[in-house]
**Q** 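First the structure, then my questions, so here it is.
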Amino acid sequence: MALRRFRPMTAGRRHAVRVDLSQLSDKAPEKGLLGKRSSSGGRNSQGRVTNVNTGGGHKRRYRVVDFRRSKRDVPARVVALEYDPNRSSHLALLSYADGAKTYILAPQGLSVGSTVMAGESVEVRVGNALPLRSIPTGQPIHNLELKPGRGGQLVRSAGNAAQLVAKEGKYALVKLPSGEMRKILSECYATVGGVGNADHSNQEFGKAGRSRWLGIRPKNRGVARNPVDHPMGGGEGKTSGGRHPVSRTAVPAKGFKTRKNKRTAAFIIRRRGAKK
């Protein structure tokens, strides 16, 4: 999709760059695929603020997305491409041959009227879902499962794609968008192609108000706060005291590894950011 730029009629329009949504459907979302979505305002279950930069924003309805691609070997036609306020990627509304309707993440190159299918021996084509053992190496994939049957958990944001590098026994070697190389069971399903709406990262909000519509509150630097509010706060004037950069909860911000999941460490062949 292309980007839209605006005439500088106002200060907020001068630098605004938006994704052109003219190719998306303007109809209301499918009523049977809508759910409730409550807003936390950055609070936890005790009502305490745990995310200081979250709050407000426009009211949203959740779109139920079929990450499992649970209907196997049943062809489905793409009825519409729709906007989803809850994620960076767009959605494709599928209508199956038996009359059922579901949402899936809209991959790059998928258009209205296309036919997609999920199954072990379906054609390797954009939008089709197959187990990793049935996908040829070098193929870009998205909506990747970590456990068979759980549904896609990896590579779901706009413009992203993983790459199937190799197959070794019951595992497949996948290179994720972060650069991490990981072993995943060959029985896990993935969707062929990359996620659509690749221009999402090139948008410019243009004004602070649009951030507030999205539920993003203003951020200020830690060194500009008081010592009671941030570990880097305090000091005389603009003197920050030469402290090492840390988060609000005193976790080092640069180069400190926080991953401690020993159960899955053996499946990671190369960590993200590692030098080749």
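All values derive from a computational prediction rather than experimental measurement.
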**Q** Determine the minimum heavy-atom distance between G119 and P131, stating which atoms define it.
**A**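 Heavy atoms of G119 and P131 come nearest at O-CD, 3.7 Å.
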
**Q** My understanding is that only residues two or more places apart in sequence, or in another chain, count here; which of them pass side chain to side chain donor-acceptor pair (under 3.5 Å) with N53?
**A**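 Per chain and number, N53 pairs via side chain to side chain donor-acceptor pair (under 3.5 Å) with no residue.
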
**Q** Enumerate, atom names and distances included, each donor-acceptor pair closer than 3.5 Å involving a side-chain atom of residues 25-32, sequence neighbours excluded.
**A**
{"residue": "S25", "atom": "OG", "partner": "K27", "partner atom": "N", "Å": "3.2"}
{"residue": "K27", "atom": "NZ", "partner": "E82", "partner atom": "OE2", "Å": "3.0"}

**Q** Would you confirm whether R125, through its side chain, and T115, through its main-chain N or O, come within 3.5 Å as a donor-acceptor pair?
**A**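 Yes, because the side chain of R125 sits within donor-acceptor range (under 3.5 Å) of the backbone of T115.
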
**Q** Quick one: list whatever passes side chain to side chain donor-acceptor pair (under 3.5 Å) with R63, sequence neighbours left out.
**A**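 Side chain to side chain donor-acceptor pair (under 3.5 Å) check on R63 returns nothing, list empty.
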
**Q** Whether the side chain of N220 engages the backbone of R225 through a donor-acceptor N/O pair (distance < 3.5 Å, no angle test) should be reported.
**A**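 Absent.
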
**Q** I'd like to know if the side chain of N226 and the backbone of V228 have a donor-acceptor N/O pair within less than 3.5 Å.
**A**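 Not at all, since once roles are kept as given, no pair shorter than 3.5 Å links the two residues.
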
**Q** Can you name the residues that form a side chain to side chain donor-acceptor pair (under 3.5 Å) with T54, not counting sequence neighbours?
**A**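 Listed in chain order: N51.
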
**Q** Honestly curious: do Y96 and L81 fall in one hydrophobic cluster under the side-chain, below-4.5 Å linking rule?
**A**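 Cluster IDs for Y96 and L81 match.
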
**Q** Is there any ring-ring contact (aromatic ring centres under 6.0 Å, His included) pair reaching into residues 129-156, and which pairs are they, with sequence neighbours excluded?
**A**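 Residue pairs passing ring-ring contact (aromatic ring centres under 6.0 Å, His included), neighbours aside: none found.
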
**Q** When rounded to the nearest 0.5 angstrom, what is the spacing between CZ in R182 and CZ in R272?
**A**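 CZ of R272 is found 12.0 Å from CZ of R182.
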
**Q** R13: which residues meet the side chain to side chain donor-acceptor pair (under 3.5 Å) condition with it, sequence neighbours left out?
**A**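 Per chain and number, R13 pairs via side chain to side chain donor-acceptor pair (under 3.5 Å) with no residue.
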
**Q** Which side-chain N or O atoms in residues 245-257 pair as donor and acceptor under 3.5 Å with protein atoms at least two apart or in another chain?
**A**
{"residue": "S247", "atom": "OG", "partner": "T249", "partner atom": "N", "Å": "3.3"}
{"residue": "S247", "atom": "OG", "partner": "T249", "partner atom": "OG1", "Å": "3.2"}
{"residue": "S247", "atom": "OG", "partner": "V251", "partner atom": "N", "Å": "3.2"}

**Q** Look up atom CZ in R150 and atom CZ in R68, then write down how far apart they are to the nearest 0.5 Å.
**A**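 If we round to the nearest 0.5 Å, R150:CZ and R68:CZ are 9.0 Å apart.
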
**Q** Should L24 and V112 be counted in the same cluster of Ile, Leu, Val, Met, Phe, Trp and Tyr side chains packed under 4.5 Å apart?
**A**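 Yes; tracing contacts between hydrophobic side chains, which count when under 4.5 Å, links both residues.
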
**Q** To the nearest 0.5 angstrom, please state how far the NZ atom of K183 sits from the CD1 atom of I268.
**A**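 Between atom NZ of K183 and atom CD1 of I268 there are 11.5 Å.
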
**Q** Under the rule for side-chain contact (heavy atoms from CB on, under 4.5 Å), what residues qualify as partners of R48, not counting sequence neighbours?
**A**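 Scan of R48 (side-chain contact (heavy atoms from CB on, under 4.5 Å), adjacent residues dropped) gives N44, Q46.
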
**Q** Please find the pair of heavy atoms, one from S89 and one from D84, that lie closest to each other, and give the distance.
**A**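 Nearest pair, atom of S89 first, then D84: O-CB, 4.1 Å.
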
**Q** What's the shortest heavy-atom distance between N128 and V116, and which atoms?
**A**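 Minimum heavy-atom separation between N128 and V116: OD1-CA, 3.2 Å.
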
**Q** Would you name the heavy atoms of P218 and R212 that are closest together and state the gap between them?
**A**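 Nearest heavy atoms, P218 then R212: CD-NH1, 3.4 Å.
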
**Q** Hey, is CZ on R259 packed in by over 12 heavy atoms from elsewhere, all under 6.0 Å?
**A**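 Atom CZ in R259 is crowded, with more than 12 foreign heavy atoms closer than 6.0 Å.
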
**Q** Would you say that V17 contacts R4 through its side chain, given a criterion of any heavy-atom pair below 4.5 Å between the two side chains?
**A**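 SC-SC contact between V17 and R4 ruled out.
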
**Q** Does R72 have more than 12 heavy atoms from other residues, nucleotides or ligands lying within 6.0 Å of its CZ?
**A**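 Result for CZ/R72: enclosed.
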
**Q** Taking distance alone, no hydrogens or angles, what donor-acceptor pairs closer than 3.5 Å link side-chain atoms of residues 55-62 to residues at least two apart or in another chain?
**A**
{"residue": "R60", "atom": "NH1", "partner": "P85", "partner atom": "O", "Å": "3.4"}
{"residue": "R60", "atom": "NH2", "partner": "L214", "partner atom": "O", "Å": "3.1"}

**Q** Provide the closest heavy-atom pair for Q108 versus A198 in the form atom of the first, atom of the second, distance.
**A**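 The answer is NE2-CB, 3.9 Å.
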
**Q** Taking it one step at a time, do V19 and L3 satisfy side chain to side chain contact (heavy atoms under 4.5 Å, CB included)?
**A** CA-CA 5 Å; V19 173; L3 293 171; 4.1 Å; yes

**Q** Do any pairs count as a side chain to side chain donor-acceptor pair (under 3.5 Å) and have a residue in residues 153-171, sequence neighbours left out, and if so which ones?
**A**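 Residue pairs with at least one partner in residues 153-171: S157-N160.
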
**Q** Hey, are the side chains of N143 and Y189 touching, using non-hydrogen atoms and a 4.5 Å cut-off?
**A**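 A side-chain contact under 4.5 Å is absent here.
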
**Q** Within the 4.5 Å heavy-atom criterion, are H90 and Y83 side-chain neighbours or not?
**A**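 Heavy-atom side-chain distance check passes, below 4.5 Å.
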
**Q** Do the side chain of S211 and the main chain of I216 share a donor and acceptor less than 3.5 angstrom apart?
**A**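 Flag not set: sc S211 to bb I216 has no pair under 3.5 Å.
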
**Q** Suppose clustering is done on Ile, Leu, Val, Met, Phe, Trp and Tyr with side-chain heavy atoms closer than 4.5 Å. Which residues sit in the same group as I135?
**A**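 M117, V122, V124, L130, L132, I141, L144, L146, L154, V155, L164, V174, L176, I184, V192, all in the cluster of I135.
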
**Q** Would you say L110 ends up clustered with V74 if hydrophobic residues are merged whenever their side chains have heavy atoms under 4.5 Å apart, either directly or through other cluster members?
**A**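 Per the 4.5 Å side-chain linkage, V74 and L110 are co-clustered.
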
**Q** Quick one: CZ on R271 to CE on M181, what's the gap to the nearest 0.5 Å?
**A**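 Going from CZ on R271 over to CE on M181, the span is 15.5 Å.
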
**Q** Do the non-hydrogen side-chain atoms of V165 and K175 ever get within less than 4.5 Å of each other?
**A**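 When only atoms from C-beta onward are counted, K175 and V165 do touch, with a gap below 4.5 Å.
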
**Q** How long is the straight-line distance from NZ of K101 back to CZ of R77, given to the nearest 0.5 Å?
**A**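 The CZ atom of R77 sits 9.0 Å away from the NZ atom of K101.
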
**Q** Thinking salt bridges, do R133 and E120 make one under a 4.0 Å N-O criterion?
**A**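 E120 and R133: salt-bridged.
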
**Q** What is the minimum heavy-atom distance between I104 and V65, and which atoms define it?
**A**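 The pair with the smallest heavy-atom distance is CA-CG1, 4.0 Å.
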
**Q** Is there a salt bridge (Lys or Arg N to Asp or Glu O under 4.0 Å) between K71 and D66? Walk through the geometry before answering.
**A** CA-CA 9 Å; K71 278 192 173 294; D66 182 17; over 6 Å; no

**Q** Test: ring-ring contact (aromatic ring centres under 6.0 Å, His included). Region: residues 196-236. Which pairs qualify, not counting sequence neighbours?
**A**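 Sorted result for residues 196-236: empty, none.
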
**Q** Would you say the side-chain atoms of R270 pair up with the backbone N or O of G179, donor to acceptor, closer than 3.5 Å?
**A**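 Checking the backbone N and O of G179 against the side chain of R270, a donor-acceptor pair under 3.5 Å is found.
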
